[in-house]
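The chain is numbered in sequence order, starting from 1. Every number for a ligand or one of its atoms is a count from 1 in the order of the listing.
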Amino acid sequence: MDKIGVVDESSKGNYFKFISDQRLPKGSFVEYNEPKLENIPILSKIIDMSTLKSFPPEFLSPDLDPEEAAEMAGIDLEDIGKFEIEAKIIGYFREKTSEFVNPKIPPASGTPVKKASTSVLDYINKVEKEEENSAYIGKIIKTEKNVNLDISEIINTHISILASTGSGKSYTVGVLIEEMLKEKNGASVLILDPHGEYSTLKDLENKSLLSNKEVINKFKYPNNELPDVKVFNEDDIQLKISDLEFDDLAAIIDDGSMSEKMRHYLQRAYNKLKRKNFNQEEIRDKVLELKDKEGNYLKDHPLHSSSIEGILWRLEKNILNKDFFQNYTKLGLNELLSPKKASILDLSGIKAKDQQLLSSVILRKIFESRKMAVKGENKTNITKVPHPVFIVIEEGHRFAPNEGRSKSKNVLKTVLSEGRKFGIGVCLVSQRPSKLDTDSLSQCMSQITMKIINPYDQNKIKESIESVGKDIVDRLPSLSTGEAIISGSTVNTPVNIEVRKRITRHGGKGVKNPSKSWKNNLKDNFYDKRDKTIQKDKETKLFSNENQKNK
Ligand SMILES: Nc1ncnc2c1ncn2[C@@H]1O[C@H](COP(=O)(O)OP(=O)(O)OP(=O)(O)O)[C@@H](O)[C@H]1O
C-alpha cells in the first residue's frame with residue numbers, strides 16, 4: 001500500500017499528527033506499522049486537518065514570483081500545499097477477544113502512514129455482508145468498503161437513529177428494515193409510524209418493483225414467497241378496554257384535574273372488575289354500584305359525592321363515547337408479529353395521546369408475551385410470540401419524552417432495560433435527542449447518528465451516549481444528507497458511512513414543487529387558462545404566418 005504521509009514530531013497520547021500532500025476526509029481511516037509490536041498494522045482515524053504552511057497575506061500578490069515570496073517569507077515552498085493531519089489511534093485487532101486494542105505507544109516520528117488497507121478495514125465489521133444476522137447499511141465514506149451491522153447486537157441491546165429533520169433518518173430506517181426482511185434474516189418487524197411514511201416498504205411484496213433478479217433472490221424465501229408487509233391504520237387498530245391496566249385507565253380519564261379521592265374511588269371500582277374481559281359499561285356500572293353502596297356516607301360528605309360524579313363524567317367523556325376503545329381487539333399479536341413480516345402501524349390518523357396509549361398497550365403485551373415464551377410458561381389469556389421481535393419507534397421523543405408525561409414512557413423504559421432478556425430489540429428514532437428520555441437513550445447500545453446542528457441535541461448525545469465521544473459529536477454538523485456515523489456494539493469501532501441506496505421507494509419525501517402544487521389547486525385556475533391562451537395565440541400566429549406564406 002502506498003505511503004501517503006509521515007508522522008511528524010508532535011505525537012502524544014492517543015493522537016498523532018502526520019504530514020501529507022493529500023486531503024483526507026475527517027472520519028476516514030489510515031494505518032501505520034508499529035515496529036515495537038512486530039510491525040502489526042495500527043488502524044487510526046482522521047479527526048482534523050489544516051494546511052501546513054501558507055504565505056502571510058502581504059506575500060499574496062499576483063505580481064510576486066512564488067519562489068521569491070517563499071524566500072522572503074522564510075518558508076519552504078515544498079511545504080505550501082501540504083497538510084498537517086491529526087489522527088486518533090484505534091489500535092490493532094485482537095482476534096481472540098474480537099476487539100481493537102490500543103498499542104499505548106504513539107508512532108515514532110518519521111513513521112510512514114498509509115491509507116487503511118481492506119484487510120484492516122475488514123475488522124470494523126463484526127459480521128459479513130450476506131451472512132445471517134447482518135445488515136448491509138452502506139459504505140465507509142469515500143471507499144468501496146461495506147459496513148454491516150450486527151443484528152444480534154441490535155436485537156439484544158437496541159439501537160438509536162438520531163438526526164436533524166431532513167438528514168436521512170427514515171431513509172436509513174427503511175434500509176435497516178429491508179435488510180431485516182432479507183431471506184438471510186427473516187425478521188419479525190413492528191413499526192410505530194406516527195407520520196405514515198413507511199407504507200412504501202410494501203414494494204418488497206411485488207417482484208416487478210424490485211430492480212432485478214439478484215435483488216429478488218435476496219428477499220425470496222424457500223417457498224418462493226417474498227416478505228409480507230402489512231399496513232394497519234386507525235380503522236384496524238382498536239383497543240380492548242380490558243387490556244388497560246389501572247394506571248392506563250386513570251391516565252386516559254385524567255385531564256390533569258383528577259383528585260386523589262377520584263383516583264381512590266376509580267381504583268375501588270376497578271378492583272371489583274374481577275373478570276379479565278370487562279367492557280366500558282361495566283367500569284361505569286362498578287362506579288355506580290359504589291355510589292349506591294356508599295349512599296348514606298356520600299350524603300354527609302358532599303366532597304366525596306362530587307368525586308364520584310367527577311369520575312362518572314370523565315368516564316363518559318373519555319371512554320364511553322370513543323370509538324377507539326372497543327370491547328374486543330381487532331389486532332392480535334399473532335397478526336402483527338410473524339417472521340418475514342413487517343407490520344406498520346400507521347398512527348397518522350390518531351391523536352398524539354391516543355398514539356402513546358396504544359403503543360403502551362401493544363408494548364406491554366409484547367413484553368408479557370415474550371417473557372412468557374422465554375420462561376416457558378403458558379398463560380391462556382396471553383398470546384405466545386415464540387420468536388424475537390424488532391420494534392421501530394419513530395418520533396421516539398413523543399413516546400418517551402425527557403420532560404412531561406407520556407402514557408408509553410414507563411413501559412418503553414421497561415422494554416429497553418429488560419427487553420434484552422426476552423428478545424425484543426428496539427430502534428428508537430428521533431430528530432430531537434434533547435427531548436428524549438435520557439435513560440431510554442442511554443439504553444440503546446448502538447447508534448446511527450446523522451447530521452445534527454442544534455447544540456442542545458449535540459450535548460445530549462455527548463452526555464448520555466458513552467460510545468459517542470467528543471470527536472464524533474464535533475463531526476455531526478458537517479455531515480451531508482445520507483451520511484452517518486455508526487457507533488456502539490453493532491460494529492467494532494465507530495465508522496463514518498454513506499448509507500446505501502434504498503431498494504424500496506422512500507415514503508418520507510417533502511413536497512418537491514410547492515409553488516406548482518398551489519397553483520394547480522387554485523379554484524379558478526387562471527394559469528391553465530393563461531397557458532391555453534398563450535398556446536392559442538402561438539397557433540394563430542403560426543397559421544397567420546403560414547397563410548401569409550401561402551399567399
Ligand atoms: N442515503 C440516502 N441516499 C439518497 N437520498 C437520501 C439518503 N438519505 C436521505 N435521502 C434523501 O433525503 C431526504 C430526507 O431524508 P429523510 O426523509 O429520511 O429525512 P428525515 O431525517 O427522516 O426527515 P424528517 O425528520 O423530516 O422525517 C429524502 O428526500 C431522501 O430521499
Side-chain angles (χ1 to χ4, degrees), residues 25 27 129 135-149 159-180 189 191-204 209 211 215 231 342 344-349 352 355 391-401 426-436 441 444 447-454 456-458 460-461 475-486 491 495-514 516-517:
K129 187 177 171 197
Y136 163 50
I137 193 85
K139 293 188 187 294
I140 299 180
I141 43 154
K142 308 279 181 255
T143 76
E144 284 305 308
K145 182 75 205 153
N146 296 330
V147 173
N148 313 311
L149 308 186
I159 188 163
S160 62
I161 301 189
L162 308 172
S164 303
T165 180
S167 303
K169 285 182 306 298
S170 45
Y171 193 100
T172 308
V173 172
V175 170
L176 185 55
I177 296 171
E178 285 170 4
E179 290 293 316
M180 291 274 183
V189 182
I191 306 155
L192 302 186
D193 179 12
H195 297 305
E197 54 189 334
Y198 287 100
S199 55
T200 49
L201 284 165
K202 273 189 92 55
D203 290 359
L204 290 178
L209 292 175
S211 54
V215 174
V231 181
I344 301 162
L345 295 188
D346 177 348
L347 305 174
S348 55
Q355 291 183 5
I391 308 176
V392 177
I393 304 180
E394 260 282 357
E395 300 281 341
H397 52 279
R398 285 200 200 171
F399 297 97
V426 173
C427 172
L428 211 50
V429 187
S430 176
Q431 77 237 28
R432 292 312 311 274
S434 58
K435 297 198 167 171
L436 192 59
L441 185 56
C444 298
Q447 304 79 29
I448 300 180
T449 318
M450 309 181 83
K451 183 177 186 131
I452 291 182
I453 299 167
N454 184 314
Y456 293 109
D457 292 330
Q458 291 175 4
K460 178 67 174 268
I461 292 175
R475 254 181 289 143
L476 297 180
S478 60
L479 296 179
S480 312
T481 304
E483 267 180 31
I485 301 177
I486 313 281
V491 282
V495 53
N496 273 46
I497 65 154
E498 284 163 282
V499 175
R500 76 151 167 80
K501 289 269 169 285
R502 265 183 76 164
I503 293 164
T504 52
R505 285 167 297 154
H506 175 49
K509 286 189 184 133
V511 183
K512 243 191 174 167
N513 188 345
K516 190 163 189 168
S517 173

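- Residue pairs meeting the side chain to side chain donor-acceptor pair (under 3.5 Å) criterion with at least one member in residues 475-486, sequence neighbours excluded: Arg475-Asn496.
- In the model, Ser430 has no side-chain atom that pairs as donor or acceptor with a side-chain atom of Arg432 under 3.5 Å.
- Residue contacts with ligand 1, taken as heavy atom pairs separated by less than 4.0 Å, do not involve His195 at all.
- Here Val499 has heavy atoms under 4.0 Å from ligand 1 in both its backbone and its side chain.
- The distance criterion of under 3.5 Å between nitrogen or oxygen atoms is not met by Thr481 with respect to ligand 1.
- With a 4.0 Å heavy-atom cut-off, ligand 1 is reached by no atom of Ala163.
- Comparing His506, Lys501, Glu395 by heavy-atom distance to atom 31 (O) of ligand 1, the nearest is His506.
- For the 3.5 Å distance criterion, the side chains of Ser170 and Glu394 fail to qualify, holding no donor opposite an acceptor.
- In plain terms, the two heavy atoms of Pro194 and Arg398 that are nearest each other are CB-NH1, 3.7 Å.
- Ligand 1 has no nitrogen or oxygen under 3.5 angstrom from a nitrogen or oxygen of Thr172.
- In terms of heavy atoms, Cys444 sits closest to Ser160 at CB-N, 3.8 Å.
- Counting heavy atoms closer than 4.0 Å to ligand 1, residue Lys169 contributes atoms from both its backbone and its side chain.
- Counting atoms of ligand 1 from 1 in the listed order, those under 4.0 Å from a heavy atom of Thr165 are 23 (O), 24 (P), 25 (O), 26 (O).
- The Ser164 neighbourhood of ligand 1 comprises atoms 21 (O), with distances under 4.0 Å to a heavy atom of that residue.
- Across every non-hydrogen atom of Tyr136 and Val175, the tightest pair is O-CG1, 4.1 Å.
- Counting the atoms of ligand 1 from 1 in the order shown, those under 4.0 Å from a heavy atom of Gln431 are 25 (O).
- For the residue pair Ala484 and Ile448, the shortest heavy atom distance occurs at CB-CG2, 3.8 Å.
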